[in-house]
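Because the structure is predicted, anything quoted here is derived from the model rather than measured.
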There are 2 protein chains.
Amino acid sequence: MRMNEGVEWAAHVCVLLHWAEEGGDAPVPATRLAAAYDLPTAYLVKQLQALGRAGLTESVPGRRGGVRLARPAARITLMDVVAAIEGPDDAFACTEIRRQGMNAERPARDFAQPCGVAHAMREAELAWRRALAATSIADLAGSTPAGRAADARRFLAAP
Amino acid sequence: MRMNEGVEWAAHVCVLLHWAEEGGDAPVPATRLAAAYDLPTAYLVKQLQALGRAGLTESVPGRRGGVRLARPAARITLMDVVAAIEGPDDAFACTEIRRQGMNAERPARDFAQPCGVAHAMREAELAWRRALAATSIADLAGSTPAGRAADARRFLAAP
DNA sequence: TCAAACCTGGATATGTTTTGTCCAGTAAGG
DNA sequence: CCTTACTGGACAAAACATATCCAGGTTTGA
Ligand code: SF4
Ligand code: SF4
């Protein structure tokens with residue numbers, strides 16, 4: 001059960017975009033974002049497209065174009081980023097094994113209720129999501145050591 | 001980020017083993033457990049071995065042998081089962097991308113602290129684990145519709 | 001005007017993990 | 001001593017994550 005590493009990329013990129021916005025350097029081209037952390041450009045672009053489809057970022061085509069946050073960093077949470085990259089599916093997928101084998105003869109209505117396993121898994125994932133939703137991109141930006149933001153802006157604005 | 005379906009199998013199997021124990025039918029051979037939910041025997045055996053290595057179950061070789069819970073179902077949590085099947089790794093794996101690209105020149109001590117992303121992810125996974133640890137196999141067994149346990153025991157004890 | 005710089009989406013390739021099977025070895029019971 | 005059972009390792013297929021490429025579009029500024 002490993003999470004896509006695109007989630008880490010996307011989170012860091014969102015922080016960069018927030019800093020760029022603050023410095024008036026938005027939008028930032030994807031090539032520059034990739035260079036900032038030495039990531040494979042073409043693949044990072046895929047993740048950026050996922051962020052765009054989820055409404056977290058918007059992109060400007062053409063020369064002087066690039067990507068920017070679609071709303072203030074304080075209103076983009078880690079949960080949003082994870083959902084955008086990982087997709088909407090829960091980690092735990094029910095396959096209804098309880099209906100097979102010794103229970104194959106039972107009528108379908110015997111299984112109308114999800115069983116305790118599914119319920120507990122669902123609760124646990126909700127707790128996880130709530131925790132992720134408690135941290136925003138602005139929080140992440142604020143918790144980085146002083147001076148790092150200015151350096152990043154300098155790098156993103158460089159020719 | 002999909003969870004192994006072996007987790008679902010293992011959870012249900014633990015409930016079965018608990019019922020078997022109550023009925024005095026332990027240990028139960030793996031073939032019987034696989035038949036109970038129509039699972040591929042050889043692959044289920046792999047999951048059972050993982051449960052055994054994690055100390056959740058113990059197995060008895062030889063004729064009249066099989067698998068049984070290694071401790072009372074009330075003291076085996078869903079968290080134990082997930083950890084046994086999924087392994088000890090966190091879902092979110094840090095790859096330290098912040099050290100590359102624009103930060104490649106910085107000394108290593110600048111990155112002694114894990115960044116905010118890693119911290120938030122860690123907190124969220126802890127919340128998930130706490131939630132999973134709140135449900136035991138005995139809880140799951142108790143929440144199944146009446147009569148189901150007796151039917152299961154009948155099936156497991158059958159020739 | 002038009003070429004350069006930028007994004008989009010789909011096709012494709014490669015590597016890793018999950019899922020599933022098989023077999024040779026070992027242990028216990030009757 | 002033969003049947004039933006577990007163990008561990010090797011192996012194959014399928015699914016998924018990672019990565020690259022290309023053939024379109026947009027906008028800007030020379
Ligand atoms: S509901 Fe319970 S039984 Fe049905 S699939 Fe989910 S976990 Fe397995
Ligand atoms: S610590 Fe922060 S930067 Fe380093 S890898 Fe984990 S997330 Fe990425």
What's the OH-C1' distance between A:Tyr43 and C:dT8, to the nearest Å? 17 Å
Numerically ordered, the residues 47-63 of chain A set in heavy-atom contact under 4.0 Å with DNA chain D is A:Pro61, A:Gly62, A:Arg63
Taking atom CZ of B:Arg99 as the centre, does the number of heavy atoms from other residues, nucleotides or ligands within less than 6.0 Å exceed 12? yes
Taking salt bridge (charged side-chain N to carboxylate O under 4.0 Å, His left out) as the cut-off, I'd like each qualifying pair that reaches into residues 5-14 of chain B, sequence neighbours left out, listed once. none
Would you kindly compare A:Pro40 and A:Arg2 by the position of their nearest DNA chain D nucleotide and give the one closer to the 5′ end? A:Arg2
Only counting residues at least two apart or in another chain, list the ones meeting ring pair (Phe, Tyr, Trp, His ring centres under 6.0 Å) with A:Trp9. A:Tyr43
Rounded to whole Å, the CE-C1' distance (A:Met3 to C:dT17) equals 17 Å
Determine whether A:Leu16 and A:Val28 satisfy the following criterion, side-chain contact (heavy atoms from CB on, under 4.5 Å), listing intermediate values before the conclusion. CA-CA 9 Å; A:Leu16 286 183; A:Val28 184; over 6 Å; no
Please find the earliest and latest nucleotides of DNA chain D, in the 5' to 3' direction, that have an atom within less than 4.0 Å of any heavy atom of chain B. D:dT3 to D:dA17
So with a 6.0 Å cut-off around CD of B:Gln113, is the heavy-atom count from everything else above 12? no
Please enumerate all residues that pass side-chain hydrogen bond (donor to acceptor under 3.5 Å, both in side chains) together with B:Asp151, with sequence neighbours excluded. A:Arg106, B:Arg154
C:dT18 P sits how many Å from B:Asn4 CG, rounded? 5 Å
Is a donor on one side and an acceptor on the other found under 3.5 Å between the side chain of A:Glu125 and the backbone of A:Phe92? yes
Starting at atom CG of B:Leu39, determine the distance to atom P of C:dT18, rounded to an integer number of angstrom. 19 Å
Can you work out whether A:Lys46 or A:Arg64 has the more 5'-proximal nearest nucleotide on DNA chain C? A:Arg64
Crowding at CZ, A:Arg2 (>12 non-hydrogen neighbours, <6.0 Å): no
Contact class for A:Met1 vs. all strands (heavy atom < 4.0 Å): base, sugar-phosphate, or nothing? sugar-phosphate
A:Leu44 atom CG is separated from C:dG9 atom P, nearest whole Å, by 15 Å
Review item, side-chain donor-acceptor pairs of residues 46-61 of chain B, under 3.5 Å, at least two apart:
from	atom 1	to	atom 2	distance (Å)
B:Thr57	OG1	B:Gly52	N	3.3

